[in-house]
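Below: the structure, in structure tokens.
Keep in mind it's a predicted model, so treat the numbers as computed, not measured.
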Amino acid sequence: MNKIVRGICVAFGVALFGASYYLYNNFVNPPKIVHVTDNNYHREYSDDGSGSVNMVMLQGKITPWEKTTDDQFGISFKTPVLQRKVEMYQFFLEGDKPMMGWKDTYIKSFKDKNGREFKNPAFPKGLSSKAFTQDFTINNGNLPILSNFLTKGLGYDKYKDKFVYINLPEAATPKGFEYKKNHYLKPAEGKSKIGSVRIYYKALNYNKLPEVTLIGQQTKGAVKWHSLDSRFYEGIKDLEEIKKTYTTDAPHAALGVACFGAFFVLLGLFKADV
């Protein structure tokens, strides 16, 4: 067993040395980047397996590639990010004061300071808040950028004030719900409204977003996020300045990974007992 564990340690250490070499090489030779000024697809910049240029820089305004859709309810809207909100009217505590209001997560039963118990009905099964993303383009170019750029690069949570309520189609009203133009409502029995459920949607108003500069890996007719080499900035950035960012952290990261690699190699070679 010791030999097996030692072998695994050595193999893992060698793999880490390889990773450190890649990081350092990335420092010495940062990726070659082509500024695609028209934001369109150019085959000569694609990754065809021959080591040709495949990192491209695009600049301008985010525009949706097509509508973003929630297939569960058939709601579509022209936006790169569509948020479904499912909320239930519940009892909750604000400080030590019992309150009633719309919440998108279930609030467990609780007692107030006077010992009175407040209990909410079960949250509806199969319903939850969720975000949907769609591929997008820059300045309506024909080169799609995969939606993972939005989650990994844009970090759209910082643009909460750029989301707007949308009017919903009456024909898509879920069974048991009432149509209320900008939301669907399933009212609970009784005057308190506790247990009522509503569904509504908010779309990212991409017209209100700033211009962006992004660098991604162009492959298979689209641009995707590359974990080490991709960049995403608000505003129009200079390519030469961006290139300097590739030399900032890589040497330290390479040294750190190499140290871990050495540790595992030494552990595998000289550890007497495991």
Side-chain angles (χ1 to χ4, degrees), residues 62 64 67-136 147-210 212 225 232 234:
I62 289 176
K67 289 183 177 181
T68 303
T69 301
D70 175 3
D71 291 326
Q72 184 174 352
F73 293 102
I75 304 299
S76 295
F77 199 80
K78 190 177 180 181
T79 177
V81 183
L82 181 67
Q83 292 180 334
R84 180 217 296 163
K85 296 291 186 179
V86 178
E87 298 176 338
M88 186 170 74
Y89 202 76
Q90 303 177 71
F91 293 113
F92 66 96
L93 274 176
E94 190 169 282
D96 59 359
K97 184 179 180 181
M99 305 285 288
M100 294 186 295
W102 294 102
K103 297 291 181 180
D104 63 359
T105 57
Y106 180 67
I107 308 298
K108 294 181 179 180
S109 300
F110 62 89
K111 293 182 180 180
D112 66 6
K113 61 182 180 180
N114 297 317
R116 293 181 302 171
E117 185 175 20
F118 294 83
K119 187 175 182 179
N120 293 307
F123 204 85
K125 291 183 178 180
L127 293 179
S128 62
S129 297
K130 189 175 181 180
F132 306 88
T133 58
Q134 179 56 259
D135 298 347
F136 63 99
S147 62
N148 62 357
F149 251 94
L150 296 173
T151 53
K152 295 182 178 181
L154 181 63
Y156 51 80
D157 282 347
K158 68 181 289 189
Y159 294 107
K160 290 181 179 179
D161 61 331
K162 300 296 189 296
F163 282 83
V164 296
Y165 293 92
I166 65 172
N167 290 332
L168 301 174
E170 186 173 4
T173 304
K175 185 177 180 180
F177 283 76
E178 299 174 0
Y179 178 66
K180 298 293 183 180
K181 192 173 182 179
N182 64 358
H183 69 279
Y184 302 124
L185 177 67
K186 187 175 184 179
E189 296 180 358
K191 295 181 179 180
S192 69
K193 298 196 302 184
I194 295 296
S196 296
V197 178
R198 68 179 181 184
I199 303 171
Y200 63 93
Y201 289 80
K202 299 182 77 173
L204 178 63
N205 186 350
Y206 57 92
N207 291 314
K208 297 294 185 180
L209 294 178
V212 300
W225 181 269
F232 198 113
E234 286 187 3

Point to revise | Heavy-atom closest contact (Lys162 atom, Leu209 atom, distance) | key: CG-CD2, 4.3 Å

Exercise for review: Find out whether Pro64 and Gln134 are in side-chain contact, i.e. whether some heavy atom of one side chain is under 4.5 Å from a heavy atom of the other.
Suggested key: no

Point to revise | With Phe123 via ring pair (Phe, Tyr, Trp, His ring centres under 6.0 Å) - residues at least two apart | key: none

Kindly list each side-chain donor-acceptor pair under 3.5 angstrom involving residues 174-190, sequence neighbours excluded, with atom names and distances?
unit_1 : atom_1 : unit_2 : atom_2 : d
Tyr179 : OH     : Leu168 : O      : 2.7
Tyr184 : OH     : Pro169 : O      : 2.7

Review point. So, do Phe163 and Val81 sit near enough that their side-chain heavy atoms are less than 4.5 Å apart?
Key: yes

Check your understanding: When rounded to the nearest 0.5 angstrom, what distance separates CZ in Phe91 from CZ in Phe110?
Key -> 7.5 Å

Check your understanding: Please, which pairs that meet side-chain hydrogen bond (donor to acceptor under 3.5 Å, both in side chains) have at least one residue in residues 94-117, sequence neighbours excluded?
Key -> Asp112-Arg116

Study note, to complete from the structure: Tightest non-hydrogen contact, residues Met88 and Pro121, listed as CE-O, 3.2 Å

Point to revise | Lys85 side chain near Ser129 side chain, heavy-atom distance below 4.5 Å | key: yes

Please tabulate, one pair per line, all N/O donor-acceptor pairs under 3.5 Å involving side-chain atoms of residues 197-208, not counting sequence neighbours.
unit_1 : atom_1 : unit_2 : atom_2 : d
Arg198 : NE     : Glu87  : OE1    : 2.8
Arg198 : NH2    : Glu87  : OE1    : 2.7
Tyr200 : OH     : Glu87  : OE2    : 2.9
Tyr201 : OH     : Asp70  : OD2    : 2.6
Asn205 : OD1    : Asn207 : N      : 3.3

Review point. At their closest point, which heavy atom of Met100 faces which heavy atom of Ser192, and how far apart are they?
Key: SD-O, 4.2 Å

**Study point:** Gap between atom CD1 of Ile62 and atom CG of Leu150 - 0.5 Å precision
**Key:** 6.0 Å

Review point. Do Val164 and Phe77 have side chains that get closer than 4.5 Å, going by heavy atoms?
Key: no

Review point. Can you list the residues that meet the side chain to side chain donor-acceptor pair (under 3.5 Å) rule with Gln72, with sequence neighbours excluded?
Key: Arg84

Practice item. Sequence neighbours left out, what pairs pass salt bridge (Lys or Arg N to Asp or Glu O under 4.0 Å) with at least one residue falling in residues 122-133? Key: none

Review point. Backbone N or O of Asp71 within a donor-acceptor pair of the Thr69 side chain at under 3.5 Å?
Key: no

